[in-house]
Amino acid sequence: MTAPLSSVSPATRALTPVSKVLRLCLHALLLGLLALAAGRAVTDPAARAGWVIAACAALALVYAGGVRAPAVHSSPRAGALWLAGLGATWAGLLMVSPDGLWIAFPLYFLELHLLRLRWGVTAVAVTACAAIGGFVAHSGAATPGAFLGPLLGGAVAVATVLGYQALYRESERRRELIEELITTRAELAAAERGAGILAERERLAREIHDTLAQGLSSIQLLLRAAERALPAQAPALEHIARAREAAQENLAEARRFVRALTPPDLEHGSLAAALERLCAGVPGPRVRFSLSGTPRVLPTPYEVALLRIAQSALANVVRHARAGRAEITLTFMDASVTLDIVDDGHGFDPASVSPGSAGSGDGGFGLPAMRSRAETLGGLFTVESDPGQGTAVAVTLPLPLENLEHAELPDAVEAL
């Protein structure tokens, strides 16, 4: 009996959607009570049967008109006016028949569903008082049952509707939570796929750089040394020159492969530009990027490692440091490149951070992961921090020989 009409207001309908069966049950209850009141009036010689039948028919018409009126379905104001019309017609029935008291029960549910809670409870109280007054007027005696029946009916209706709405809200929260979990799982799966693709691209780029590219570069240096060691008119010089050209072409092709496997953050600019974009997109603390020294082109594994370390360090700043400011500095020196990430957060004791602990972040963004990236390229990774003193992360990578000097290196070549 908790079902509202299909004509509830949009706000109420959002909280109490009911099935067609329950709505039909409410319709059947009200019409059945009207038929019962009219039937009792016909069989009771003392009743004013004509007036009772006319009042029942009027109430049925008003009720049916509201159910089918589109305005009542969409407008709370129209719903309230319809309720007022129902109440007035019901009051007329109550005046000519004590059986009109029964109609109060379905009216309780209509009022609670069509009106806001405060006004709905007030309307229920007014309806109960009218029912009590009508019964007392017809019976001429104020018995306890005349008061308890309408009041208990109203209390049951209010408790039932409030309980239904509470259950529905809980169901909606669970539905939203399930949808959020499904969405999060899909996003996580997509992120894992993307991370796997990026990791594989980085691995391939590193392997190509560390094997093919370095091997071809070494071959070129050795051929150059052999070329210098031969006499100027040696027949082998032509073959050595062709071999050097082939090695140079294949080295350029290997470097093109490495560039093609570069992470998306590095595809459209230099490492410095990627770090600057990273700083601009960090939520929470203000992050500033600065560049020191003369920028030079770094091998792709170096750029990838420095960018990933910067991302990891900033992720720790956002998640754990509670910092207001942070600064990233990229410094190019003669034989090395250095990346410093400094923040003014609450700091921590580096000695207390173990792999997999909260302090080291999660999802591969921890200090051990950063240290591993740096040491893989022969670099140095350091962390300086104290509780309440902020944190400074520094990584220094030595520049490879091919980046130190691109010109002729007679002494180095002769040494080879």
Side-chain angles (χ1 to χ4, degrees), residues 1-30 66-67 69-83 86 104-128 151-195 281-285 315-322 356-359 361-365:
M1 293 308 300
T2 61
L5 282 180
S6 59
S7 55
V8 293
S9 65
T12 306
R13 193 162 53 241
L15 289 177
T16 56
V18 294
S19 67
K20 183 178 180 180
V21 173
L22 293 178
R23 291 198 301 270
L24 292 176
C25 288
L26 183 59
H27 301 336
L29 174 64
L30 191 141
V67 170
V72 175
H73 290 250
S74 58
S75 171
R77 181 180 179 85
L81 291 175
W82 178 57
L83 268 182
L86 276 177
F105 192 66
L107 287 180
Y108 292 154
F109 291 101
L110 290 175
E111 292 161 350
L112 289 171
H113 285 288
L114 288 171
L115 302 175
R116 294 182 181 275
L117 180 61
R118 180 179 60 181
W119 296 110
V121 173
T122 302
V124 167
V126 172
T127 301
L151 292 178
L152 286 177
V156 169
V158 171
T160 303
V161 170
L162 291 180
Y164 177 84
Q165 292 180 351
L167 288 174
Y168 174 73
R169 284 193 292 268
E170 179 65 23
S171 175
E172 280 296 289
R173 282 194 291 268
R174 291 185 179 182
R175 182 186 61 79
E176 292 172 359
L177 178 60
I178 291 173
E179 290 180 353
E180 182 179 352
L181 289 175
I182 293 174
T183 302
T184 303
R185 185 171 62 181
E187 292 176 352
L188 180 60
E192 289 178 350
R193 287 194 297 272
V282 173
N316 283 344
V317 170
V318 173
R319 295 176 185 177
H320 309 296
R322 301 176 187 170
S357 66
D362 53 51
F365 289 111

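- Shown here for Val317 and Pro285, the closest heavy-atom pair between the two residues is CG1-CG, 4.0 Å.
- A side-chain contact (heavy atoms from CB on, under 4.5 Å) with Val158 is found for one member of Thr160, Val161, Leu162, Val156 and no other, namely Leu162.
- For the pair Ser171 (side chain) and Leu167 (backbone), a donor-acceptor distance under 3.5 Å is absent.
- Here CZ of Phe109 is found 8.5 Å from CG of Leu29. Values are rounded to the nearest 0.5 Å.
- Considering Val121, Val126, Val124 in turn, Val124 is the only one that fulfils the side-chain contact (heavy atoms from CB on, under 4.5 Å) rule with Glu111.
- Note that CG of Leu81 is 11.5 Å distant from CG of Leu86, once rounded to the nearest 0.5 Å.
- Taking each heavy atom of Leu151 and Ala128 in turn, the nearest pair found is CD2-CB, 4.2 Å.
- Considering only residues two or more places apart in sequence or on other chains, Arg174 meets the salt bridge (Lys or Arg N to Asp or Glu O under 4.0 Å) condition with Glu170.
- Interatomic distance, Arg175 CZ to Tyr168 OH, rounded to the nearest 0.5 Å: 6.5 Å.
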| request: Show your working on salt bridge (charged side-chain N to carboxylate O under 4.0 Å, His left out) between Arg169 and Glu172 and close with a plain yes or no. | output: CA-CA 5 Å; Arg169 284 193 292 268; Glu172 280 296 289; over 6 Å; no
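- Qualifying side chain to side chain contact (heavy atoms under 4.5 Å, CB included) partners for Arg118, counting only residues two or more places apart in sequence or in other chains: none.
- For Ala80, the side chain to side chain contact (heavy atoms under 4.5 Å, CB included) partners at least two apart in sequence or on another chain are Leu115.
- Phe105 and Gly153 make their closest contact through CE1-O, 3.8 Å (heavy atoms, listed as atom of the first residue, atom of the second, distance).
- Of all non-hydrogen atoms in Ala104 and Thr127, the two that sit nearest each other are CB-CG2, 4.0 Å.
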